[in-house]
Amino acid sequence: MSTQFHPFHMVNPSPWPITAAIGSLSLTAGLVSWFHLGAPTLLIMAFPILILSSLQWWRDVIRESAFQGWHTSKVIMGLKWGMILFIISEILFFISFFWAFFHSSLSPNVELGSTWPPMNITPFNPSHIPLLNTSILLGSGVTITWSHHNLLHNNFNQASKALLLTLILGFYFTILQAWEYFQASFSISDSIYGSSFFVATGFHGLHVIIGSTFLLITLTRMIKSQLSAHHHFGFEATAWYWHFVDVVWLFLYISIYWWGS
């Protein structure tokens with residue numbers, strides 16, 4: 001359409017949803033193949049498909065927003081509601097893990113020794129790496145809020161520095177969690193405790209990695225002057241997602257690391 005008489009964005013046909021779907025299917029199937037058959041080929045193929053699809057999809061959305069002017073106030077309102085509903089779906093996703101954890105921990109069966117943590121399971125000390133990771137994520141919540149405050153006041157230098165600090169804290173959290181997994185005295189196959197612990201904390205760690213990727217893209221856009229005090233929904237969506245990750249970690253720390261140990 002060369003002329004339109006409405007404020008909505010009619011998205012052009014794009015190949016990236018289907019290529020991203022192929023990459024996601026290859027990722028999940030590749031993980032199963034790697035776990036059960038020891039064959040990582042499909043998993044290795046999935047990563048470049050997902051990375052290339054994500055980069056080119058982001059490129060198109062950034063072009064539509066920053067250069068073509070398709071993201072009107074009506075479009076941005078729709079994007080905000082889409083992000084809110086997405087975060088709600090993620091909350092329900094984690095509720096299922098907490099449900100499984102409390103279902104097993106509040107009434108441990110006889111196979112677990114009728115005790116929680118189960119017999120022969122040595123849980124992590126909640127005052128060591130888990131507490132440090134809690135401090136890191138809480139600090140990153142402060143720095144991303146600081147960045148948003150500076151962005152609203154057109155102080156892009158301070159905003160980019162605060163966002164970079166948030167990104168560094170996110171990577172630091174991931175490194176510490178990987179080190180924690182390396183030191184674990186139990187595995188994902190060690191009863192319901194191991195399963196619930198690694199699935200819940202592992203998916204949270206995956207969300208931290210995804211959120212760090214959002215932070216990296218947003219920081220790149222900020223450095224390239226593609227964000228302004230009045231037009232920066234990409235930054236807001238990243239901040240919402242990062243705060244969601246922070247809050248989920250607080251529940252994980254309190255329930256699984258502290259109370260569950």
Side-chain angles (χ1 to χ4, degrees), residues 84 86-148 162 165-215 238-261:
I84 290 170
F86 169 69
I87 291 176
I88 291 174
S89 72
E90 292 285 274
I91 292 172
L92 297 174
F93 178 73
F94 276 98
I95 283 176
S96 65
F97 299 141
F98 285 110
W99 187 292
F101 173 78
F102 284 111
H103 174 79
S104 301
S105 60
L106 290 174
S107 182
N109 57 30
V110 67
E111 287 82 7
L112 299 177
S114 300
T115 183
W116 193 268
M119 296 177 62
N120 301 319
I121 292 288
T122 303
F124 289 102
N125 189 331
S127 63
H128 289 175
I129 292 180
L131 183 60
L132 176 58
N133 270 342
T134 303
S135 303
I136 290 170
L137 278 190
L138 289 176
S140 69
V142 173
T143 55
I144 197 169
T145 303
W146 173 33
S147 178
H148 191 200
L165 182 55
T166 308
L167 179 62
I168 293 172
L169 291 174
F171 280 126
Y172 188 33
F173 176 93
T174 301
I175 292 171
L176 286 177
Q177 189 171 33
W179 175 245
E180 180 184 66
Y181 281 6
F182 180 76
Q183 291 183 316
S185 61
F186 56 92
S187 69
I188 194 172
S189 59
D190 286 328
S191 76
I192 184 62
Y193 184 90
S195 299
S196 59
F197 175 87
F198 281 106
V199 169
T201 59
F203 268 112
H204 177 269
L206 177 62
H207 282 71
V208 171
I209 293 173
I210 294 171
S212 298
T213 307
F214 291 169
L215 290 171
T238 301
W240 292 354
Y241 189 84
W242 195 255
H243 287 309
F244 154 74
V245 168
D246 290 351
V247 173
V248 170
W249 175 258
L250 289 177
F251 281 97
L252 282 172
Y253 176 77
I254 293 170
S255 59
I256 294 181
Y257 283 101
W258 181 64
W259 181 85
S261 64

Next on the checklist: Using the ring pair (Phe, Tyr, Trp, His ring centres under 6.0 Å) criterion, which residues pair with H243? Sequence neighbours excluded.
Outcome noted: none

Sequence neighbours left out, cut at 3.5 Å: what donor-acceptor pairs do the side chains of residues 192-204 make with other protein atoms?
from, atom 1, to, atom 2, distance (Å)
S195, OG, I188, O, 3.0
S195, OG, S191, O, 3.3
S196, OG, I192, O, 2.8
S196, OG, Y193, O, 3.2
T201, OG1, Y181, OH, 2.6
T201, OG1, F197, O, 2.6
H204, NE2, V245, O, 3.0

Checklist entry - S127: what forms a side chain to side chain donor-acceptor pair (under 3.5 Å) with it, not counting sequence neighbours? => result N125

Checklist outcome for this item: Sorted by chain and residue number, the side chain to side chain donor-acceptor pair (under 3.5 Å) partners of S105 (sequence neighbours excluded) come out as none

Checklist entry - Do you know which two heavy atoms are closest between W249 and T134, and how far apart they sit? => result NE1-OG1, 2.9 Å

Checklist entry - Can you name the closest pair of heavy atoms from F186 and P123 and give their distance? => result CE2-CA, 4.3 Å

Checklist entry - Going by heavy atoms in the side chains, are L137 and W242 under 4.5 Å from each other? => result yes

Checklist entry - For the residue pair A162 and W146, what are the closest heavy atoms and their distance? => result CB-CE3, 3.3 Å

Checklist entry - Under the side chain to side chain contact (heavy atoms under 4.5 Å, CB included) test, which residues partner S96, sequence neighbours left out? => result none

Next on the checklist: I'd like to check the side chain to side chain contact (heavy atoms under 4.5 Å, CB included) partners of T174; sequence neighbours left out, ordered by chain and number.
Outcome noted: V208, I209

Item to check | Any residue meeting side chain to side chain contact (heavy atoms under 4.5 Å, CB included) with I210, in chain and number order, not counting sequence neighbours | outcome: L206, F214, Y241

Checklist entry - Who passes side chain to side chain donor-acceptor pair (under 3.5 Å) against S147, sequence neighbours left out? => result none

Checklist outcome for this item: Nearest heavy-atom approach of S255 to F98 is OG-CE2, 3.2 Å

Next on the checklist: Parallel, tilted or perpendicular, judged at 30° and 60°: which one describes the rings of W179 and F182?
Outcome noted: parallel

Checklist outcome for this item: On a heavy-atom basis, the closest approach of D190 and S187 is OD2-N, 2.8 Å

Checklist outcome for this item: Taken in chain and number order and not counting sequence neighbours, the residues that satisfy ring pair (Phe, Tyr, Trp, His ring centres under 6.0 Å) with W259 are F102

Checklist outcome for this item: With sequence neighbours left out, the residues meeting side chain to side chain donor-acceptor pair (under 3.5 Å) with T122 are none

Next on the checklist: Tell me every residue that passes side chain to side chain contact (heavy atoms under 4.5 Å, CB included) with N109, counting only those two or more places apart in sequence or in another chain.
Outcome noted: E111, L112

